[in-house]
Amino acid sequence: MESLSVFNSSATTSLSLFSSSLDHLAPNSQPSLTLYARRLMPKLEVHCAAEAQSAKPKEAKLWGGRFEEGVTDAVERFTESISFDKALYKHDIMGSKAHASMLAKQGLISSDDRDSIIEGLTEIQRRIENGEFEWRTDREDVHMNIEAALTDSIGEAAKKLHTARSRNDQVLTDFRLWCRDAIDAILARIKHLQVSLVRLALKNEGLIVPGYTHLQRAQPVLLQHLLLAFVEQLERDSGRLLDCKERLNFCPLGACALAGTGLPIDRFMTSDALGFTAPMRNSIDAVSDRDFVLEFLSANSITAIHLSRLGEEWKKNPDPMELVRGKSARVVGDLVTLLMLCKGLPLAYNRDLQEDKEPVFDSVKTILGMLEVSAEFSQNITFNKERIQKALPAGHLDATTLADYLVKKGVPFRTSHDIVGRAVAVCISKMCQLRELSLDELRSLNPVVRHGWSECVASQLDHWVTKLEIAKGG
Ligand SMILES: N/C(=N\CCC[C@H](N)C(=O)O)N[C@@H](CC(=O)O)C(=O)O
């Protein structure tokens, strides 16, 4: 009793404190509801009357179940995904066929129903591919469009297809299958670009170009040396995609809404039929997870950055390559959109996740275009060898060769670096190239210099050519 009275008394105290704090407000500082209503209501009334007309709920949805009324036009437009997820149609049909076969084998539907479902789906695919299929926004997404069309065409049997399945595991199955194919398409384009770059290297074998550090001419390099650097990067890009493909190749079917099903399904059968490695182990993970797309778009982003840097290398007529550089921003943006989408989500399916498709579709379309144009560009580019040859001496590119020469003659590297620095300073004051300094001038910097300059350059070029010939043979 005592504690109750303490509770009561403290509650009373806080209530009186609260009301006394309101008393401190000046009378005219309190918002006047009447004033706002008078200002806004006439407009609101007109607006609401118009809105009310279009905001009438429509007939109930196929998935509406316990809801008696459908949604308004605005909600329908806002929540539909058919405008973009119809891209999944082939994989949706593939998944449904595998699911129907499994249901029949498990005795959950008859073999007659299975056959008519499979025939019906084949006919729907034919209609889609011939442009005869009507995609309906009121049927919301690709899954509902295909299922409803199947019901229209084969009747009752179609209603059994969704046994032991939810759109939650269905959409993930479609999406993983789609991404798997998209990765194969990107891998093929990466390989094509690599081949184009190697061909370009072979066509210009032996061509020496300036190599840059800090945006300044640093050392002469062979063109193939530069080009093969991109080939190496693209090889790692392929590796990342292959890793991603291996990790995403697990089947979510059977996870249903989130907790699986009590019906006797065979998850291994659908997984095998669809070419997955195995069914996913955890049904909640299966419907929640989007790390496969995050990984995929991360890999695409790194490829996009590589292509952007390739685009940065061309200095003349680089219009398409400038766009390659520009479009890399979209690919990285798509990844960031997905990261933000997933950041605050609790486990299992949330409608937010419908937003995962467009960034993936955009990333894939963009990267495929970037790879195609980069390959075309590499096949068509020509180098003005004469001009490159003439411009090569500018920038004291042979400084490192001179430093190496001195090191070979026993001069410590730091000392040789200092000598070459002084030689470059002499060149700058005389406005000439290192190779134009006389033997006497070089000897005055260090007596160890005994040979003419061109000899050193030639020996280093031999070294590079030999090295690349070995690489070419390998
Ligand atoms: N609405 C829903 N999933 C929709 C998945 C497909 C959607 N267009 C998407 O792309 O995410 N899930 C319901 C079940 C269902 O409608 O199948 C739920 O979790 O209650």
Side-chain angles (χ1 to χ4, degrees), residues 59-71 75-96 99-100 103 128 135-151 158-180 182 248 251-263 265 270 280 282-294 296-297 334 337-338 340-364:
E59 68 186 46
K61 295 275 182 197
L62 206 66
W63 43 260
R66 66 197 164 91
F67 304 110
E68 278 169 14
E69 283 191 324
V71 296
V75 170
E76 186 171 288
R77 279 196 308 274
F78 190 68
T79 54
E80 67 84 24
S81 55
I82 192 61
S83 53
F84 52 88
D85 70 10
K86 59 185 169 204
L88 299 174
Y89 81 87
K90 210 185 297 173
H91 303 95
D92 194 71
I93 288 174
M94 202 190 288
S96 287
H99 184 67
L103 291 176
I128 294 172
W135 295 108
R136 286 175 46 173
T137 309
D138 62 329
R139 288 178 171 173
E140 197 174 289
D141 61 20
V142 64
H143 324 294
M144 299 316 302
N145 263 271
I146 291 177
E147 192 185 321
L150 188 66
T151 309
K159 295 184 183 165
K160 298 180 186 170
L161 173 60
H162 213 50
T163 308
R165 191 174 72 168
S166 154
R167 277 189 293 166
N168 299 358
D169 58 347
Q170 185 181 359
V171 67
L172 263 305
T173 307
D174 297 2
F175 207 19
R176 281 171 184 263
L177 290 171
W178 190 92
C179 288
R180 201 173 70 182
L248 73 71
C251 186
L253 271 182
C256 301
L258 80 162
T261 173
L263 295 169
I265 57 169
T270 33
M280 290 186 76
N282 183 309
S283 65
I284 298 179
D285 174 48
V287 292
S288 310
D289 169 56
R290 291 299 183 280
D291 64 32
F292 71 99
V293 269
L294 290 174
F296 182 19
L297 294 209
D334 291 329
T337 302
L338 260 188
M340 290 300 102
L341 175 69
C342 296
K343 175 186 84 64
L345 291 183
L347 276 176
Y349 180 79
N350 299 274
R351 192 61 189 276
D352 318 44
L353 288 169
Q354 179 168 290
E355 287 293 303
D356 61 0
K357 313 289 173 318
E358 284 173 292
V360 176
F361 295 158
D362 186 68
S363 172
V364 169

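Remember, it's 1-based here, ligands and their atoms both numbered in the order they're listed. Just so it is clear, the values below take in all heavy atoms, side chains as well, and ignore hydrogens, waters and symmetry mates.
- Here the side chains of H143 and D174 are in contact, with some heavy-atom distance below 4.5 Å.
- Note: no N/O pair closer than 3.5 Å links R351 and ligand 1 by distance alone.
- Under the 4.0 Å criterion applied to side-chain N and carboxylate O atoms, R167 and E147 are not assigned as salt-bridge partners.
- Considering backbone and side-chain N/O atoms, H162 never comes within less than 3.5 Å of an N/O atom of ligand 1.
- Listed for the D169 side chain is no donor-acceptor partner under 3.5 Å among the backbone atoms of L253.
- Using a distance-only test at 3.5 Å, with no hydrogens or angles considered, a donor-acceptor pair links the side chain of D141 to the main chain of M144.
- Residue-ligand proximity, Q354 to ligand 1, at heavy-atom distances under 4.0 Å covers atoms 7 (C), 8 (N), 9 (C), 10 (O), 11 (O).
- With a 4.5 Å cut-off on side-chain heavy atoms, Y349 and Q354 count as touching.
- Of the polar atoms of Y349, at least one N or O is found under 3.5 Å from an N or O of ligand 1, judged by distance alone.
- Residue-ligand proximity, S81 to ligand 1, at heavy-atom distances under 4.0 Å covers atoms 8 (N).
- Heavy-atom proximity to atom 14 (C) of ligand 1, evaluated over N168, T79, D352, is greatest for N168.
- Each of the atoms 6 (C), 7 (C), 8 (N) of ligand 1 lies under 4.0 Å from some heavy atom of D141.
- When each atom of ligand 1 is checked for a heavy atom of V171 under 4.0 Å away, the hits are 10 (O).
- Residue contacts with ligand 1 for K357 involve side-chain atoms from C-beta outward but no N, CA, C or O (heavy atoms, distance under 4.0 Å).
- Counting only heavy atoms from C-beta outward, the side chains of M280 and R176 approach each other to under 4.5 Å.
- Annotation: side chain of L88 is in contact with side chain of K357 (closest heavy-atom distance under 4.5 Å).
- In this structure, T137 and R77 have side chains that are not in contact, with every pair of non-hydrogen atoms separated by 4.5 Å or more.
- Contact annotation: A257 has no heavy atom less than 4.0 Å from any atom of ligand 1.
- Interface of S166 with ligand 1, defined as ligand atoms under 4.0 Å from a residue heavy atom, comprises 14 (C), 17 (O).
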